[in-house]
Amino acid sequence: MIEATLGLTELFYQKNIRVFFIFLFLSTSPLFGQGTGTINSIGSPEVINFNKQQYGAHYQNWDATQDPLTGFMYFANSKGMLEYDGSNWKTFELPRKQIVRSVAADGTGRIYAGGMGCFGYWEANDKGTLTFHSLTHLIKDQEFPREEVWHILPYKDGILFQSFAFMYFYQNGKVTKLKNPGTILFTHEVHGKLFVEIINKGLYEIVNSTFQLLPQGEKLSKEAIDVILPYGKNQLLICTNNGLFVHDGKSVKPLNAKTNEFFQQFRLNRAIQLHNGQYLFGTLLNGIVLTDQQGNILRHINQRQGLQNNTVLTLFEDKTHNVWVGLDKGIDLLILSSPLRFYRDLEGYLGTVYDIESLNGWLYVGTNQGLYCKPINSAESFKIVPRTQGQVWDLSVIDNQLFCGHNNGTFIVDQNHATQVSEITGGWTIKRLRSNPNWLVQGTYTRLCFYKKQENDSWKFDHILEKFPGSFTQVEEDNMGDLWIHGPSTGIHHLHLDKNFKTILSNQKFEGAEFQNNTLNLRFFQNKILITTSEGLKSYNSKYKQFKVDEQLQKWLFGAVIQKIFPISNDELYVLRKDGSLSYAKVGHTPIDIPVPNNRWVDIYENVVKMNNGEVLVCTEDGFVTLPDPHTLSNVSTESAKPFIRSVSVLEDSTAYIYRFPPQNQEITLNYDENSLNIIFSTTSINPKIKYSYWLENGMKSWSPYQFISMKEFSNLQSGTYIFHLKSNQDNSENTITITILPPWYWNAWSKGLYLTIFIVINLLFYRYQDRKFRLKQLKERRKLERRIRRQAELNEQEIIRLRNEQLEQDVIRKSEELANSTMTLIKKNELLLDIKQEVDNLKKESGRNVGNQAYRQIMNLIDSNISSEQDWQVFESNFNKVHEEFLKKLIELYPNLTPSDLKLAAYLRMNLSSKEIAQLFNITHRSVELKRYRLRKKMELDTEVNLGEFMMKI
C-alpha cells in the first residue's frame, strides 16, 4: 500500500509539472464574467501579500485553519506551523523539524498538526505559550513513521487524520485505525457525513467505520477527487482534475462545460464554498476563480491581478469572510468582505494613473503614458487612444463630451478617437462656469484659457486671459461668479472679471509659503472657498478678506490632519488624510473610514473621481480602486476588531506574559531590573489594516496618534504602577493592562524599614552630636562671653586707668601750673625783696651810715628771712615730686653723691628755668649759678656737649 501511495504521489506531481510547463504563459488570461456594465466588475478584490520574509518561514504553505476561540490563523508550512494573530507572525517547529503538511483547529484551543511520521497538537500552557503534545506514540503501525499526514478533519467528538495509505481516528486519548479498502486521497465532511475516494474504485461514504460505495460512485474511480463540497440541500459537488461534477444521490453529472474546460487546462487543486453560497477554486497553474452555484466563473484572480504565485495549495475562509490562499510561494489574503475592487496594472502597461472618466459605455484612464480606453462591458484590454501618447493630467465630461487635458494641449475624445481643440500645453483642469454655463475655464502650464459653447452644442477654444501668465493647477468659482486660481509658483488669486472674461477688474493675491506649495488643495464646498494647510482646513472670510481656520468643518472632518478634500456633491466629499487614509463624509454624519491602501497614492497628484456614470474611483500608482456607492457605505461594516494586548515581555529576555484572549484588567508585577518592556498587541479580528492608538498612564501625557504598528517599546521605566491603554480605529472599546514595576532591592519594604531604623539612629546620634555640639558651643560662647566680659572689664579698668591717668595728668598739669606759679611767685617775691633790699640799702647810703641802723638791720633781716626759705623749698619739693613722679628720688638713686643744693639745681633745670631765675631762687649771683651748673655736670660726669637742662628733662 505504501508503494502504491508513493507511486500515486509521483504520478500526481509529474502530471502537475507537465501541465504547468504547457500552460505557463496562459496565466495571464483575461478576466471572466465581465458584462455587468460597471467599472466595479473590472476590478478584483484586494489581495494582501505575505512573503516568506514577512512570516519568517519557507515558501510553501500546504494547509490553513483558524482557531474559533482566538481568531488566530494557522498555516502548515514547510518549516513548521505558522501562527498569525493579525499583527505578528510566529513559527512553531515539530520535534524533528519535519514539514507540516496539515493543520486543523478543534475549537477547544488545540491546533492539530501532521507531518512525516508525526501527529499531535499544540496547546497553550498556563503562560500562554503553545507547546506541542505528540500523539505518535498512540499509533502502533510500524509503517506510520514513513507516512505523511496530509489531512486532518475534526469530526464529531474526535479527530480524523490520514495519509494516502492509512486513516486514523483519535478520540478520548486513543487512536483507532480505519480499514480503508484501498489507497485514498482526502476525506471530506459534507452535510454531516464523511466521504472519501478510493483510488481506482470510486467514491465511498464512511458509515460506522465501514466504507460504502455511493450509487454510481464507481464512475469517479478514474478521477482524482481533490475536494467534495455541499451542493444544494443534499447533493455533492465533486471537484476533480477533469472539472466539476454533481452527485444527486443517484447519479453523477458534469456541472459546467466551460468551467470544466478551464479546470482541465489549469488543474483544479483546492476548493471551498463561501458563506454566500458561491464557490472559490484554486488551481495549480492559474490562480483562483470565483463561480456562482451553477459553476459560471465570476472572477479570475491570478498573478497578474496580485497573487504572489499561481499555484494554490490551500484555501480557507475566515470568520470575517476573507479568504486565505496558501501558495507554493507565500500566503495571500483575499479581501472578499470589502466592497472595494482593485484594478492593478502590475506589468506597467498603463503607467501611473492621474485621472479616470467614463462616457457612453467606455472607460478612459489618463496616465503618464497617455490616454487608454476600453468598453466597460468587454473583456478586452485597455488600448491607447491615438495621438494621446504622453502625460494626461485631466479628464472631464461636459455636455456628454470628454475633455482630455494633455501635456501637448487639450483634446475632445469620442470612443477611441481624439480631436485637438487647443494647442496650449498642459491642461491641468477644466470646468464649466456655474454663473455662465456657456463658458469653460481651464488652467494650463502658461495661461488661463476660456472655451465657448457653439450653436451646435460643440465647444471651441475662445481666448486666453491676457496679461495674466502662470501655471494654474486648480480653478474654482464661488457664488459671486468670481474665479479662484491656484498655482504652486503663483499662490492664490481671487479674480473678478468682466462679463466677457477678458479683463481683470480686481485681483486679490495670496502669496507666501502657505499658498505657494504643491500640496495646497483649493476647493469649493458648502458654498465656501476652502484650502487645506498645515494649520488645518481654512475658508475664505469675505469680511476680513483672508483665509481663517473653519472651526465647524475642522471639528467635523478633523481638519488638522487633512491632506486633500474631494467634493462629489454640495454635502458630500471624500477626505484624504496625511497618513494616507481615506474617509467618506456627508454633512451631519460622522466620517466613515474606507480601507484604501495608504501606500498607492500618486504623490502630490492624489485624485478621487466621481465619474460621469456616478461611480467613484481612486487613482493609484498602478491602477485604480472602485469605491462602493457612498449611500451604501454606512451599511458596510467589518466584524468588530477589539484590540487586546498580545504579550508583554522584558527586553533582552525571553520571559513574556502571553495572552491569547483580551486581558480583563490583568496585572503584571515586574522587578526593578525588568523596567524595559516590549508590548505586542493585536485584535480579535484578523485585519492587517487596523491602526492602533495607545497610552501609558503615568508614563505618557496623552494618547498616541493612530498608526499601523503592532508593538511598542518602553525603556527605563521608573518603579511604580502603569496602566497601558489600547484602542483601534475600528472599535471603540478600550483594552487595558496594569503593570507594576517593583522598586529596587534597596528600596523595598525591608530596606525601607532598615533605612528608617538607620535614619532614626542617625537622627538620634545626630541629635546627641548636635546637643553636645550645642552644649560645647554654649560653653564656648559662655567662656567667650566671660572672656569678653573680662576683656570688657579690663578695658573698662584700662579706661578708668586712662581716665584716672588723664585726671592725674590734668592734676599734674594743674600741679605743674601751681608749682610753676608758686615758683614764679617765689622768684617774683625774691626779686621784689631784693629790689626792696637794694632800695633800703641805697636809702641808707644816701641818709648816712648812722641813720636808722637798728631799723635798717631789722628790715634787712626781715627781707633775708623771706628770700628762698627752707620752708618754701619743702613746699616746692612736695609739688615737684607730685608732678614729676619722684624725679629727685630717682636722681639720688642714679647719683647718690649729689647734695641738696645740687638736687635743687636739678629740679630748677628740669623746670626749664633760666640761670637768672635760678640765681634769684638761690639768692646768688648769676656767676654762682654757672658755677653750680659746672659742679653738677662734673658730679654727674656729663660731657660738655650735653645740654644739662635737656638731660634733666629726660630722666
Side-chain angles (χ1 to χ4, degrees), residues 5-32 44 47 49-52 58-64 75-78 99-102 148 150-151 164 185-186 188 197 199 220 222-229 237-245 255-256 258-273 279-291 295 297 299-317 323-334:
T5 302
L6 294 176
L8 178 63
T9 305
E10 182 179 359
L11 178 62
F12 176 80
Y13 282 109
Q14 286 179 352
K15 180 177 179 180
N16 289 342
I17 292 173
R18 186 166 56 249
V19 176
F20 173 78
F21 281 108
I22 294 174
F23 297 105
L24 177 64
F25 297 103
L26 296 179
S27 61
T28 57
S29 61
L31 301 174
F32 285 79
S44 300
V47 179
N49 305 131
F50 299 95
N51 56 44
K52 75 171 190 174
H58 294 165
Y59 278 124
Q60 294 174 316
N61 296 276
W62 302 96
D63 199 4
F75 299 89
N77 184 269
S78 294
I99 295 174
V100 178
R101 296 291 188 182
S102 54
E148 284 194 293
W150 282 91
H151 189 51
F164 291 142
L185 281 181
F186 300 105
H188 313 277
E197 177 194 14
I199 301 298
L220 299 171
K222 302 300 181 182
E223 303 290 341
I225 300 176
D226 298 294
V227 184
I228 301 176
L229 299 173
L237 179 63
I238 313 298
C239 307
T240 74
N241 56 351
N242 283 319
L244 307 177
F245 298 86
L255 178 62
N256 188 301
K258 185 177 180 180
T259 301
N260 285 351
E261 182 181 352
F262 176 82
F263 288 144
Q264 290 169 11
Q265 267 191 328
F266 299 109
R267 184 60 177 90
L268 177 63
N269 188 41
R270 289 288 181 266
I272 57 173
Q273 185 179 30
Y279 295 97
L280 192 67
F281 300 92
T283 70
L284 288 174
L285 299 175
N286 205 358
I288 58 179
V289 292
L290 178 68
T291 74
I297 296 179
R299 294 189 185 278
H300 176 207
I301 304 172
N302 56 19
Q303 197 166 353
R304 186 177 181 182
Q305 280 76 45
L307 292 182
Q308 297 178 83
N309 183 262
N310 281 327
T311 301
V312 179
L313 301 180
T314 187
L315 296 170
F316 185 88
E317 183 182 25
V323 174
W324 293 85
V325 184
L327 300 168
D328 192 55
K329 188 178 181 180
I331 298 172
D332 287 343
L333 176 59
L334 195 61

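Below, all heavy atoms of this structure are taken into account, side chains as well, without hydrogens, waters or symmetry copies. Please read these numbers as outputs of a predicted model, since none were measured by experiment.
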- Exam field: side chain Asn260 to backbone Leu244, donor-acceptor pair closer than 3.5 Å: yes
- Within the distance-only criterion (no hydrogens, no angle test), does the side chain of Glu223 pair as donor or acceptor with the backbone N or O of Thr240 below 3.5 angstrom? no
- Query: Is Gln308 reaching over with its side chain to a backbone N or O of Ile331, donor-acceptor style, under 3.5 angstrom?
  - Reply: yes
- Starting at CD1 of Ile238, measure out to CG of Asp226 and round the result to the nearest 0.5 Å. 11.5 Å
- Identified side-chain contact (heavy atoms from CB on, under 4.5 Å) counterpart of Asn61 within the set Asn77, Val312, Leu327: Asn77
- All side-chain contact (heavy atoms from CB on, under 4.5 Å) counterparts of Ile99, not counting sequence neighbours: Trp62, Ser78, Arg101
- Item | Nearest-0.5 Å distance that lies between atom OG1 in Thr291 and atom CG in Leu237 | 8.0 Å
- Side-chain heavy atoms of Phe266 within contact of Phe281, under 4.5 Å: no
- Quick one: are Glu197 and Leu220 in side-chain contact, heavy atoms under 4.5 Å? no
- Separation between CG of Leu334 and CD1 of Ile301, rounded to the nearest 0.5 Å: 4.5 Å
- Query: What are the two closest heavy atoms between Asp63 and Ser102, and how far apart are they?
  - Reply: OD2-CA, 3.5 Å
- Mind running side chain to side chain contact (heavy atoms under 4.5 Å, CB included) on Leu255 and Phe245 for me, showing each step along the way? CA-CA 5 Å; Leu255 178 62; Phe245 298 86; over 6 Å; no
- Message: Could you measure the distance from the CZ atom of Arg270 to the CD1 atom of Ile288? Nearest 0.5 Å is fine.
- Response: 14.5 Å
- Item | Check: Thr283 and Arg267 side chains under 4.5 Å, non-hydrogen atoms | no
- Query: Among all residues two or more places apart in sequence or in another chain, which pass the side-chain contact (heavy atoms from CB on, under 4.5 Å) test with Asn256?
  - Reply: Lys258, Thr259, Asn296
- For Leu268 and Cys239, which heavy atoms make the closest approach, and how far apart are they? CD2-CB, 3.4 Å
- Is the side chain of Thr311 donor-acceptor paired with the backbone N or O of Leu284 at a distance under 3.5 Å, no angle test? yes
- Note on the structure: What one should report as the nearest heavy-atom pair of Gly306 and Val47 is O-CG1, 3.8 Å
- Task: Just do the side-chain hydrogen bond (donor to acceptor under 3.5 Å, both in side chains) check on Asn302 and Asn310 with the steps written out, would you?
- Result: CA-CA 6 Å; Asn302 56 19; Asn310 281 327; 4.8 Å; no
- Query: Of all residues at least two apart in sequence or in a different chain, which pass the side-chain contact (heavy atoms from CB on, under 4.5 Å) check with Glu317?
  - Reply: Ile272, Leu274, His275, His321, Val323
- Item | Point-to-point distance, once rounded to the nearest 0.5 Å, from CG of Leu307 to CG of Asn286 | 9.5 Å
- Message: Would you compute the distance between atom CG of Leu290 and atom OH of Tyr279 and round it to the nearest 0.5 angstrom?
- Response: 12.0 Å
- Is there side-chain contact between Asn242 and Phe263, with at least one heavy-atom pair below 4.5 Å? no
- What orientation do His151 and His188 show, parallel under 30°, tilted 30 to 60°, or perpendicular over 60°? tilted
- Item | Mutual orientation of the aromatic rings belonging to Phe262 and His300 [parallel < 30°, tilted 30-60°, perpendicular > 60°] | perpendicular
